[in-house]
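Following: one structure in structure tokens, then a few remarks.
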Amino acid sequence: MYQEILSHIQEYIQLDATEVELFTSMLVRKKLRKRQFLIEEGSSVNYQYFVVSGCLKAFEVDENGDEHIIQFAKENWWISDFKAFFDESNSKLTIDSIEESIVLGIEKNDLEELYRKVPKFERFFRIKLTRAYVALQNRILSSLEKTNEEQYLDFQKAYPNLEQRIPNYMIANYLGIQPESLSRIRKRLVNN
């Protein structure tokens, strides 16, 4: 049940049996149906989640009721409303499952206890947080500096094989373009 997350973690740090037991005892497993919310806007956020299987999206809804997707999370990715998680504020984001999904959550207080008892977990989560920050900065710079086609190519690199799993309109939304524009970009790339 925990093999995926342990393999993921052991790419960065090595754990002994006692550390594995402590860590896995803190995890909460959730199974989500397609289109089921993991986090809803306005709710408190006490967990961050590792995706064991499936695919989720994090989005914000603006004052006009329009959805803006800011992240997808597939197997071996972490997802939460991290601002709300770290600030202990209410969520600005909604996270729901695009596919039937299984996630493992770790609660903030348990995470702090884990840092105290197994300090190498601070290193693991620092590496993950740093990489997430760099990816976010790259995404912002991409949206400012690159064409829609270049942004689409960046999306393909960041989320390999995800296009076969999610609807085109979600990819277009994530990129901030109309679905028709995405179709033209794809057609142009196929013909080149």
Side-chain angles (χ1 to χ4, degrees), residues 1-2 4-6 8-9 12-13 15 19-137 139-140 158-159 162 165-166 170 173-174 176:
M1 177 167 150
Y2 299 116
E4 292 87 353
I5 195 169
L6 293 174
H8 172 71
I9 288 170
Y12 304 93
I13 60 173
L15 302 174
E19 293 164 340
V20 167
E21 185 176 332
L22 174 66
F23 175 63
T24 57
S25 73
M26 295 176 169
L27 297 175
V28 175
R29 182 182 184 270
K30 287 190 175 194
K31 185 174 182 177
L32 302 166
R33 298 177 317 277
K34 187 175 181 176
R35 296 187 188 98
Q36 182 178 351
F37 293 127
L38 179 62
I39 295 173
E40 292 186 68
E41 179 184 4
S43 64
S44 61
V45 179
N46 301 314
Y47 289 84
Q48 56 179 289
Y49 298 93
F50 175 81
V51 181
V52 175
S53 64
C55 184
L56 299 98
K57 66 176 178 174
F59 62 93
E60 180 182 37
V61 177
D62 67 21
E63 62 276 354
N64 297 323
D66 295 326
E67 186 177 294
H68 301 280
I69 299 172
I70 63 163
Q71 180 190 0
F72 295 106
K74 60 181 187 160
E75 293 83 4
N76 295 323
W77 284 55
W78 291 84
I79 193 165
S80 188
D81 181 328
F82 291 104
K83 181 184 181 319
F85 179 80
F86 291 116
D87 289 353
E88 297 180 3
S89 59
N90 288 338
S91 180
K92 300 275 280 180
L93 301 177
T94 298
I95 299 174
D96 75 351
S97 56
I98 298 170
E99 304 172 339
E100 188 173 288
S101 301
I102 296 173
V103 297
L104 297 172
I106 186 162
E107 199 263 339
K108 187 172 185 188
N109 291 332
D110 286 340
L111 189 59
E112 292 298 329
E113 180 183 344
L114 189 64
Y115 292 161
R116 283 189 300 278
K117 291 184 175 177
V118 188
K120 59 183 130 180
F121 269 103
E122 279 194 309
R123 179 176 188 276
F124 169 77
F125 282 103
R126 178 185 48 81
I127 291 168
K128 297 307 293 179
L129 194 58
T130 301
R131 288 184 176 189
Y133 179 81
V134 168
L136 176 61
Q137 184 174 345
R139 179 162 181 230
I140 292 168
Y159 295 103
L162 194 60
R165 296 172 63 180
I166 60 175
M170 286 186 189
N173 180 300
Y174 175 84

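The first residue of the sequence shown is numbered 1, and numbering continues consecutively from there. This one's a predicted model, so the numbers in the text were calculated from it and none came from an experiment.
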Query raised in the report: Should the ring pair Tyr12 and His8 be called parallel, tilted or perpendicular, given that the plane angle runs from 0 to 90° and is split at 30 and 60?
Result: perpendicular

**Report entry** side-chain contact (heavy atoms from CB on, under 4.5 Å) between Phe86 and Leu129, worked out
**Finding:** CA-CA 12 Å; Phe86 291 116; Leu129 194 58; 4.2 Å; yes

Report task. First locate atom CD of Glu99, then atom NZ of Lys34, and finally report the distance between them rounded to the nearest 0.5 Å. Result -> 8.0 Å

Query raised in the report: Are any side-chain N or O atoms of Asp62 and backbone N or O atoms of Asn64, one a donor and one an acceptor, separated by less than 3.5 Å?
Result: yes

Query raised in the report: How about Gln71 and Ile79: do any of their side-chain heavy atoms sit closer than 4.5 Å?
Result: yes

Query raised in the report: Hey, are the side chains of Phe59 and Ile95 touching, using non-hydrogen atoms and a 4.5 Å cut-off?
Result: no

Report summary line: So CG of Asn46 and CG of Asp110: to nearest 0.5 Å the spacing works out to 10.5 Å

Report summary line: Closest non-hydrogen contact found for Gly54 with Arg165 is O-NH2, 3.1 Å

Query raised in the report: Once you round to the nearest 0.5 Å, how far does CD1 of Ile5 lie from CD of Glu75?
Result: 13.5 Å

**Report entry** Arg139 to Tyr174, cation-pi by 6.0 Å centre distance and 45° axis angle
**Finding:** yes

Report task. Would you check, one step at a time, whether the test side-chain contact (heavy atoms from CB on, under 4.5 Å) holds for Met170 with Phe72? Result -> CA-CA 10 Å; Met170 286 186 189; Phe72 295 106; 4.1 Å; yes

Query raised in the report: Side chains of Val28 and Tyr47: closer than 4.5 Å at any heavy-atom pair?
Result: yes

Query raised in the report: Can you tell me how far the CD atom of Glu60 sits from the NZ atom of Lys92, to the nearest 0.5 Å?
Result: 6.0 Å

Report task. Would you give the length of the straight line joining atom NZ of Lys57 to atom CZ of Arg35, rounded to the nearest 0.5 angstrom? Result -> 9.0 Å

Query raised in the report: Just wondering, do Lys31 and Gln36 contact through their side chains at under 4.5 Å, heavy atoms?
Result: no

Requested in this report: Of all the heavy-atom pairs spanning Cys55 and Ser101, show the shortest one and how long it is.
Outcome: N-OG, 3.2 Å

**Report entry** Between CD on residue Glu19 and CG on residue Leu114, distance to nearest 0.5 Å
**Finding:** 9.0 Å

Requested in this report: Run through Ile98, Ile39, Val51, Asp96 and flag the one making a side-chain contact (heavy atoms from CB on, under 4.5 Å) with Leu56.
Outcome: Val51

Requested in this report: Let me see the working for Asn90 and Ser44 under side-chain contact (heavy atoms from CB on, under 4.5 Å), right down to the final yes or no.
Outcome: CA-CA 5 Å; Asn90 288 338; Ser44 61; 4.2 Å; yes

Query raised in the report: Is the backbone N or O of Tyr2 less than 3.5 Å from a side-chain atom of Arg29, with the two atoms forming a donor-acceptor pair by type?
Result: no

Query raised in the report: Please walk me through it: do Leu6 and Thr24 pass side-chain contact (heavy atoms from CB on, under 4.5 Å)?
Result: CA-CA 9 Å; Leu6 293 174; Thr24 57; 4.3 Å; yes

Requested in this report: Would you please classify the geometry between the Phe125 ring and the Trp78 ring as parallel, tilted or perpendicular, with 30° and 60° separating the classes?
Outcome: perpendicular

**Report entry** Thr94 side-chain N/O to Glu41 backbone N/O, donor-acceptor pair under 3.5 Å
**Finding:** yes

Query - Val45 side chain near Leu93 side chain, heavy-atom distance below 4.5 Å - result: no

Query raised in the report: Is there side-chain contact between Leu32 and Tyr49, with at least one heavy-atom pair below 4.5 Å?
Result: no

Query - Side chains of Trp77 and Tyr159 in contact at under 4.5 Å (non-hydrogen atoms) - result: yes

Query raised in the report: Does the side chain of Phe50 come within less than 4.5 Å of Ile106's, by heavy atoms?
Result: no

